[in-house]
Every structure is written in structure tokens, then in C-alpha cells.
2 protein chains.
Amino acid sequence: MYNALFAHINRFIDLSTDEQDILASLLKSSSYKKKAYLHEAGETCRANYFVVKGCLRLYFIDIKGAEQTTQFAIENWWISDLTSFLFQKTSDFYIQAAEATDVIVIEHHHYDEIFEKLPRLEKYFRLIFQKLHQASQIRIKYLYSQTAEERYTNFNTLFPEFVQRIPQYMLASYLGFTPEFLSKIRARK
Amino acid sequence: MYNALFAHINRFIDLSTDEQDILASLLKSSSYKKKAYLHEAGETCRANYFVVKGCLRLYFIDIKGAEQTTQFAIENWWISDLTSFLFQKTSDFYIQAAEATDVIVIEHHHYDEIFEKLPRLEKYFRLIFQKLHQASQIRIKYLYSQTAEERYTNFNTLFPEFVQRIPQYMLASYLGFTPEFLSKIRARK
DNA sequence: CGGTCTCTTGACGGAGTTCAAAGCTAGTGG
DNA sequence: CCACTAGCTTTGAACTCCGTCAAGAGACCG
């Protein structure tokens, strides 16, 4: 049931079967259909999500009413609105299934408990957040150095299979431009 | 000597004097004049830096030859080119002192050792990277939802004292536009 | 097959860039 | 402590990348 997560954790630290059992008692798993919401703006983000299979996206609605996708999570990535999750404040973000998605869930009221009972998971999550921060540094660099067309071409070369999986309007906002403009870029080839 | 860091760590976890001594043996401290480089593009980033006093910035030179500042670090923040630091690969970034700056340094060859000898620091760095990732989420949201002028006005309201500390051309690139345009925004008031 | 998303296309407009030149400021050495 | 200089900021005109709006064509799901 939680094997995908255990396998992922074991890439970084060795977790005994006892520890796995304790962890299992603090997790939930859940499945969402395409377009289902795991979390909606206006609510408090109750959980941190690990994607077993499928794809989630984090987005908000800007002042003009347009959806802005700020993050994707595919297999073996964690996703949450951290500000809302950590401080249990009202969120501006939505978390939605971009495909039919299976997740493993840590709810907020178990988050601290996990680290109390399984202090060795501190290392695992230190490495996870380290990697997320590293990914953000790279992302910001691309945003600051490339034109819209270059970001699209570059993303397409780096993640050709992922581009096939999601609608173009999600990709357009993730790359920082409009769906119309993406359409025009594609027409130029 | 390392008191600023110990104080910061103690906000999150309790570190015994013994542990402080072990940690001290793995740290260095250092001071840089304004404009001095802690790390330059083309080299491998050898350290993770904690700012005791002053201000550092992380930037790269884009294809047109313009400096793009992607991150600042002031008192009690950590900064590094993580991709280069973690994998000891050649870096595209510079780390420069925006003011005269005192830092505490963890060099790469001690980074893993710190966690082996002081596993409780895993929690501290888990929380540090969690916070950095949370800051990135907020930053990306601002970049995707506001015009250049709004980002400037907003940043100015949130961090008025910080804006005084740095040259405008650094702030302009951090906010994602040119120094000329920043100047025009300011003229409009 | 009907309706609702999603993608495309084109005309127009505007936010922000580029380039160049001049004005200002702050650090440095004499 | 002043003068010089290099670096930073301002200004303006021309330009361009990308957004906006609107209308139509496809695609997908029930």
C-alpha cells in the first residue's frame, strides 16, 4: 500500500520494518480522478502529498481571473502549499489532479508526530526539501534568462514525455506565458 | 565566534555545549569586503554560507551579458549554489558580498560529516530548507501574478529597510526587470 | 452526436527592453 | 578634506515581445 513511498525513502535512508509500521500508522492513501481537487483556495491546506502515480499541479487564480500553475508533481515528488500547510493559514492555491492520481498523504496533525516518533525521517525530508530548493534555483534561473520561446523549447527537450501528459494551457502558465502565445510558438515550427 | 549560528540553531533545536564544540570544529568563519566574491562562475561551489552580518547575493550572467540576481541572503539566512555545492559540479553562478559581510562557512568536505556526527542537525536543516522552499513558492507566486511596477511597490512595502541597503540594479534584476525600467517606475511617483 | 473544454489564428495594444547619452554619487588617493 | 574617476542612475526615443480579445475549429466525454 505504501510501498512506493517506502522504496523512495530507502533510496536515502534505511528504514526498518518496525519503523515502516509506525510510519504506516500515520499515513493515508487516496486516489483522485482527473480534475479532482485535493485542496482548494480559501481553505487551509491540510496535508503534504506524495505522488505514487499520476500528476498533481499547484495553481492559483490571478487578479485577472487566469489560472497560474506554479508547480507540478509527478511520481516520487511531494507537493503542498507549504505556507498554508505549515502555519495552518488560509491558502490562495488549489491542488488539482492533472491526471488520475494515487497519492500518499501526511496530514498536518501527524506531521510533527512523524518526526517525534521517527527522528531518522528528518534526514529524508532534509534531502527532499534540499532537492526542492535546488529545483527552485534552477527554475528561477530559466525564468530570468530565457525568452518564452526558449523556455518552451528547452522544457520540451528536457521533458518531452511529460509535455505529452498535460494540457497546453497548464504548461503555458507554468512556463510563464499565455496559452495563445504557446500556440503561436508551436505554429512557427 | 559562532554564536550567531548557535543562537539561530537553538531557535529550532537544543544543542548541548558538547555538540556546539563538535560543530565548531567543522566550521570556519570569514569576512568579505563589499563586492568581494565568495564564489565565481566556472568554479565548483565549495561551501554553504550562513550570513552573520551583511548581505550576499547569488547571480549569474545571462546570454546578453546582463547580471541576473536570483537570491539575496541577509542575517540568519543560508545561501549557496546548491546544484554545484551538492554535486560538486561547475557552477554558472557568482556569490558576491553586496555589503561588507561576516559569514560562517560549511565546506563541502565537512557537509556530510556534520550530519554523521550531529544527526540532530538534520532537523535544523530540514526546517531551513523547508523555509527556503516556502519562500520560493511565495516568490514564484509574485513573479506570476504581478506587473513589474506592482512587484517593486510590494517589495518596497514589505522590506523598506532592505531596499535602502542595496543598489537599485541588483534589486531590478531580482524583481525581474531592467535598471532603466526601475528608474522609470520611481520617476512616476 | 451534442456540448463543453481546449487549441488556433489574427488584429491590435501596451508593458517593458534596448541603446545611447548625460547627470549624479560615492569611494579613492593625493 | 578635496578632486577625480568609475560606477550607478536617469531620461528619452524607437522598438519588440507577448498579452488581450474575439471568433472559429478541433477534440474529447458522456
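Chain identifiers are assigned alphabetically (A, B, ...) following the order of the sequence lines, protein sequences preceding nucleic acid strands; residue numbering begins at 1 within each chain.
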dT8(C) phosphate, OP1 or OP2: any side-chain N/O from Ser183(A) under 4.0 angstrom?
-> yes

In whole angstrom, what separates Tyr152(A)'s OH from dC18(D)'s P?
-> 15 Å

Rounded to the nearest Å, what distance is computed from the CG atom of residue Leu175(B) to the C1' atom of nucleotide dA15(C)?
-> 16 Å

Mutual orientation of the aromatic rings belonging to Tyr37(B) and Tyr59(B) [parallel < 30°, tilted 30-60°, perpendicular > 60°] = tilted

Answer yes or no for Lys141(B) and Phe60(A): cation-pi contact, defined as NZ/CZ to six-membered ring centre under 6.0 Å and angle to ring axis within 45°.
-> yes

For residues His108(B) and Phe85(B), establish whether the separation of their ring centroids is below 6.0 Å.
-> yes

So, is Lys64(B) near the phosphate of dC19(C), with a side-chain N or O under 4.0 Å from OP1 or OP2?
-> no

Tell me what Lys35(A) touches on the nucleic acid: a base, only sugar-phosphate, or nothing, going by heavy atoms under 4.0 Å.
-> sugar-phosphate

By nearest-heavy-atom nucleotide on DNA chain C, the more 5' of Arg151(B) and Lys34(B) is Arg151(B)

Which one, dC18(D), dT9(C), dG16(C), comes nearest to the side chain of Ala187(A)?
-> dT9(C)

Give the rounded distance in Å between these two atoms: CZ of Arg188(B) and P of dG12(D).
-> 13 Å

Please report, rounded to the nearest Å, how far the P atom of dG26(D) is from the OH atom of Tyr169(A).
-> 21 Å

So which nucleotide from dC8(D), dG27(C), dC7(C) ends up closest to the side chain of Gln168(A)?
-> dC7(C)

Would you state whether a donor and an acceptor, one from the side chain of Lys184(A) and one from the base of dT20(D), lie under 3.5 Å apart?
-> yes

Residue whose closest nucleotide on DNA chain D lies nearer the 5' end, Glu180(A) versus Ala148(A) = Ala148(A)

Does Ile22(B) offer a backbone N or O that forms a donor-acceptor pair with the side chain of Ser25(B) under 3.5 Å?
-> yes

Can you check the Asp62(B) CG to dT17(C) P distance for me, whole Å?
-> 12 Å

Using the ring of each side chain (for Trp, its six-membered ring), is Tyr124(A) parallel, tilted or perpendicular to Trp78(A), with breaks at 30° and 60°?
-> perpendicular

Which part of the nucleic acid does Phe181(B) contact within heavy-atom distance under 4.0 Å: base, sugar-phosphate only, or nothing?
-> base

Tell me whether the OP1 or OP2 atom of dC7(C) has a side-chain N or O from Arg186(A) closer than 4.0 Å.
-> no

Could you give the CZ-to-C1' distance, from Phe177(A) to dT20(D), as a whole number of Å?
-> 16 Å

Quickly work out the Glu99(B) CD to dA26(C) P distance and round it to whole Å.
-> 15 Å

Between CD1 of Ile185(A) and C1' of dC17(D) the distance, given in whole Å, is 10 Å

Between Thr147(A) and dC17(D), does any side-chain N or O lie under 4.0 Å from OP1 or OP2?
-> no

